[in-house]
Amino acid sequence: MAKKDISAIGSATGLMASFATELIREVRAQGGSDEDAYRGLADQNLARQFAELIVDRKAETFPVTVNYNLSLAEMIAVGRYDWTNDDITAKHFPVKGKGGAEREIVLIHFGRYISSDEALREMDEQGLRPAKIEDLLAFGTTYPDKQREFPVVALGSVWRAPFGLRRVPCLWSLVLRRDLSLFWFVRDWDAYVRFAAVS
């Protein structure tokens with residue numbers, strides 16, 4: 001093992017020992033016992049909650065205009081995607097509205113593996129509704145490079161494919177390509193995914 005690796009491990013070990021010592025001291029100050037502190041150190045849920053506290057996951061907000069004067073095909077065309085799933089059609093994803101609608105798209109980053117149902121529940125608790133396909137397309141057109149940073153999912157538009165399987169639209173990037181894709185609703189989304197919502 002290289003000296004640098006040994007040094008890094010030693011540094012991390014010292015940091016963890018220091019954190020454990022400080023936690024025990026704080027637990028005692030709150031009237032708890034050493035047992036409480038040890039239980040806390042071994043609790044994986046506590047580790048997740050602690051990680052959520054220290055990671056900055058502020059939701060980003062992006063103003064967009066949804067142009068309902070365009071058909072779904074035209075909304076897709078102005079987004080200039082390199083590839084679009086053939087099942088993203090007006091028949092599968094009907095769009096209803098008139099004129100232009102100003103929206104605030106909120107990108108939510110949960111920072112953990114999460115199911116679609118759980119993501120919807122958390123959005124609802126925050127007073128947000130999941131973005132529909134027209135919201136997603138307005139976002140993709142206005143901020144075309146965002147999907148190169150992370151996938152953006154719209155859980156507000158769901159197409160029930162043959163055999164009853166549900167699919168939702170997603171802005172995706174593959175190498176340099178910008179894709180408008182469909183993904184399965186019934187899945188656990190990766191921690192780096194963003195969910196588009198409307199405030």
Side-chain angles (χ1 to χ4, degrees), residues 59-110 112-199:
E60 295 180 88
T61 304
F62 301 86
V64 301
T65 302
V66 178
N67 185 356
Y68 285 105
N69 295 319
L70 302 178
S71 67
L72 180 68
E74 290 169 333
M75 288 180 182
I76 294 170
V78 296
R80 303 173 64 90
Y81 300 99
D82 298 303
W83 180 85
T84 301
N85 188 295
D86 291 337
D87 283 317
I88 301 178
T89 64
K91 180 181 177 182
H92 297 156
F93 294 95
V95 173
K96 295 178 182 177
K98 291 181 180 178
E102 303 296 322
R103 302 261 164 80
E104 291 283 335
I105 302 295
V106 181
L107 292 190
I108 303 174
H109 179 212
F110 293 108
R112 68 181 191 275
Y113 284 93
I114 190 168
S115 69
S116 296
D117 286 330
E118 188 182 356
L120 287 170
R121 278 194 302 273
E122 294 211 19
M123 282 186 222
D124 187 57
E125 287 173 7
Q126 295 178 38
L128 301 170
R129 74 157 173 84
K132 296 182 177 180
I133 192 164
E134 61 265 33
D135 305 316
L136 185 72
L137 292 172
F139 175 82
T141 299
T142 311
Y143 307 96
D145 289 325
K146 273 294 169 185
Q147 71 188 86
R148 299 186 197 280
E149 298 176 33
F150 37 68
V152 182
V153 182
L155 293 175
S157 290
V158 181
W159 169 53
R160 193 169 290 278
F163 308 109
L165 299 172
R166 292 172 293 169
R167 302 184 80 184
V168 293
C170 175
L171 300 179
W172 184 264
S173 181
L174 189 62
V175 191
L176 298 176
R177 199 173 74 179
R178 291 173 60 245
D179 291 354
L180 176 59
S181 305
L182 286 177
F183 286 88
W184 302 113
F185 180 90
V186 181
R187 62 171 290 164
D188 281 339
W189 298 94
D190 289 326
Y192 60 88
V193 168
R194 269 53 168 189
F195 294 87
V198 177
S199 58

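In what follows, every heavy atom counts, from backbone to side chain, and hydrogens, waters and symmetry copies are set aside.
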V152 vs F139, side chain to side chain contact (heavy atoms under 4.5 Å, CB included): CA-CA, chis, key distance, verdict:
CA-CA 10 Å; V152 182; F139 175 82; 4.1 Å; yes

Would you check if L72 and L137 make a side-chain contact, meaning some heavy-atom pair closer than 4.5 Å?
yes

Nearest 0.5 angstrom please: I76 CD1 to F93 CZ, how far?
9.5 Å

Here the gap from H92 atom NE2 to I133 atom CD1, rounded to the nearest 0.5 Å, amounts to 11.5 Å

To check you understand the geometry: which heavy-atom pair defines the closest contact between Y81 and G140, and what is its length?
OH-CA, 3.5 Å

Nearest non-hydrogen partners of T61 and E104, listed with the distance
CG2-OE1, 2.8 Å

Test R167 against W184 for side chain to side chain contact (heavy atoms under 4.5 Å, CB included), laying out the working first.
CA-CA 4 Å; R167 302 184 80 184; W184 302 113; 3.4 Å; yes

If you draw the axis of the six-membered ring of W83, does the NZ or CZ of R178 fall within 45° of it and under 6.0 Å from the ring centre?
no

Are more than 12 heavy atoms, taken from residues, nucleotides or ligands other than N69, located less than 6.0 Å from that residue's CG atom?
yes

Run the side chain to side chain contact (heavy atoms under 4.5 Å, CB included) test on W159 and T89 for me, step by step, so that the C-alpha distance in whole Å, both residues' side-chain angles and the decisive distance to 0.1 Å come before the verdict.
CA-CA 10 Å; W159 169 53; T89 64; over 6 Å; no

Close side-chain approach of V66 to K132, heavy-atom, < 4.5 Å:
no

Are E134 and R103 close enough for a salt bridge, meaning some N to O gap below 4.0 Å?
no

Can you check whether P63's main-chain N or O pairs, donor with acceptor, with E102's side chain at less than 3.5 Å?
no

Side-chain donor/acceptor of S116 to backbone N/O of F185, under 3.5 Å
yes

Measuring from atom CG of L182 to atom SG of C170, what distance do you get when rounded to the nearest 0.5 angstrom?
9.0 Å

Any side-chain heavy-atom pair of L165 and V186 under 4.5 Å:
no

Ion pair present between E60 and R194, side-chain N to carboxylate O less than 4.0 angstrom?
no

At what distance, to the nearest 0.5 angstrom, does CZ of F183 lie from CG of N85?
9.5 Å

What is the distance from atom OG of S157 to atom CD1 of I88, rounded to the nearest 0.5 Å?
10.0 Å

All heavy atoms of L70 vs all of M75, minimum pair found to be O-CE, 3.8 Å

Verify the ring-centre separation between F110 and W189: is it less than 6.0 angstrom?
no

Of the non-hydrogen atoms in L128 and S199, which two are nearest, and what is the gap between them?
CD2-CA, 3.5 Å

Smallest separation among heavy atoms of V193 and H109, with atom names:
O-CD2, 3.8 Å

Spatial distance of atom CZ (F150) from atom CG (D190) [nearest 0.5 Å]
14.5 Å

Which heavy-atom pair separates E122 from I114 by the least distance, and what is that distance?
OE2-CD1, 4.3 Å

Working for side chain to side chain contact (heavy atoms under 4.5 Å, CB included), residues I108 and Q126:
CA-CA 10 Å; I108 303 174; Q126 295 178 38; 4.3 Å; yes

Do the charged groups of K146 and E149 touch, with an N to O distance under 4.0 Å?
yes

